[in-house]
J.: 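Supplied in structure tokens, the structure appears directly below.
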Amino acid sequence: MRGLDTLVTAGQRLDFRWADGNLLSMAPEACVAVYGHSFGQEGALRLVFRFRPGDAEPNGAGHVTVSVPVAPEHAQDAWQFVQNLVGVHGIEDVAWTDGHAVAADRPVRIPQDSQDWLAAPASPRTEELLSWVTRNLADADGRDAAR
């Protein structure tokens, strides 16, 4: 599946390859949710993949969220990719909006006292950035950022 700056491939691993050369490789079984919703230009999508990797992953993270913007010309392919992923790996938490349906709630923030944090608490500048990003995403989606 081709995103605006990301290529996602599925096999034994879900590989997210960004245009700048970065790579995130996750076990497909660790994917617990996929959300898709409209954003930006007409027909563009944003796919959000949520992972709960577990002990088998080398990075040891407890939660991983990946957002992939998809251009309008690749939207149908993205939907087919998600359907295949769900069918093969049995992902139950899937929400896809077409502009009329209500999107699933955003994933809740991991509590700062959770053992899943690699570094916590976050610095005040990081907290400020997170608040700004959350506000802007909620404004762009037309949703309440307080959720």
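What you see is a predicted model, and the numbers here were worked out from it, not measured in a lab. Every heavy atom of this structure was used, including side-chain atoms; hydrogens, water molecules and symmetry mates were not.
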J.: Within a strict 4.5 Å, meaning less than it, do heavy atoms of the F51 and V32 side chains meet?
T.: no
J.: Does the side chain to side chain contact (heavy atoms under 4.5 Å, CB included) test come out yes or no for V48 and T65, once each step is laid out?
T.: CA-CA 7 Å; V48 178; T65 302; 3.6 Å; yes
J.: Supply the atom-to-atom distance Q12 CD to E29 CD, rounded to the nearest 0.5 angstrom.
T.: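 Nearest 0.5 Å value for the CD-CD distance: 9.5 Å.
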J.: Could you give me the CA-CA distance, side-chain angles and deciding distance for S67 and R46, then say whether side chain to side chain contact (heavy atoms under 4.5 Å, CB included) is met?
T.: CA-CA 7 Å; S67 177; R46 179 172 309 280; 3.1 Å; yes
J.: Just how far is it from atom CZ of R13 to atom CG of L24, taken to the nearest 0.5 Å?
T.: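 Rounded to the nearest 0.5 Å, the CZ-CG separation comes out at 8.5 Å.
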J.: Quick one: closest heavy-atom pair of A75 and L45, and the distance?
T.: CB-CD1, 3.5 Å
J.: Would you name the heavy atoms of V70 and A78 that are closest together and state the gap between them?
T.: CG1-CB, 4.0 Å
J.: Answer yes or no: are there more than 12 heavy-atom neighbours, outside E128 itself, under 6.0 Å from its atom CD?
T.: no
J.: A side-chain contact here means heavy atoms from C-beta on lying under 4.5 Å apart; do F16 and L23 qualify?
T.: no
J.: Where do A44 and P72 come nearest, in terms of heavy atoms and distance?
T.: N-CG, 3.7 Å
J.: Would you say L14 and L85 make side-chain contact, with heavy atoms under 4.5 Å?
T.: yes
J.: Have R50 and Y35 got a donor and an acceptor in their side chains that come within less than 3.5 Å?
T.: yes
J.: Determine whether V86 and L47 fall in the same hydrophobic cluster, where Ile, Leu, Val, Met, Phe, Trp and Tyr are linked whenever their side-chain heavy atoms lie under 4.5 Å apart.
T.: yes
J.: S25 and D15: which non-hydrogen atoms are nearest, and at how many Å?
T.: OG-OD1, 2.6 Å
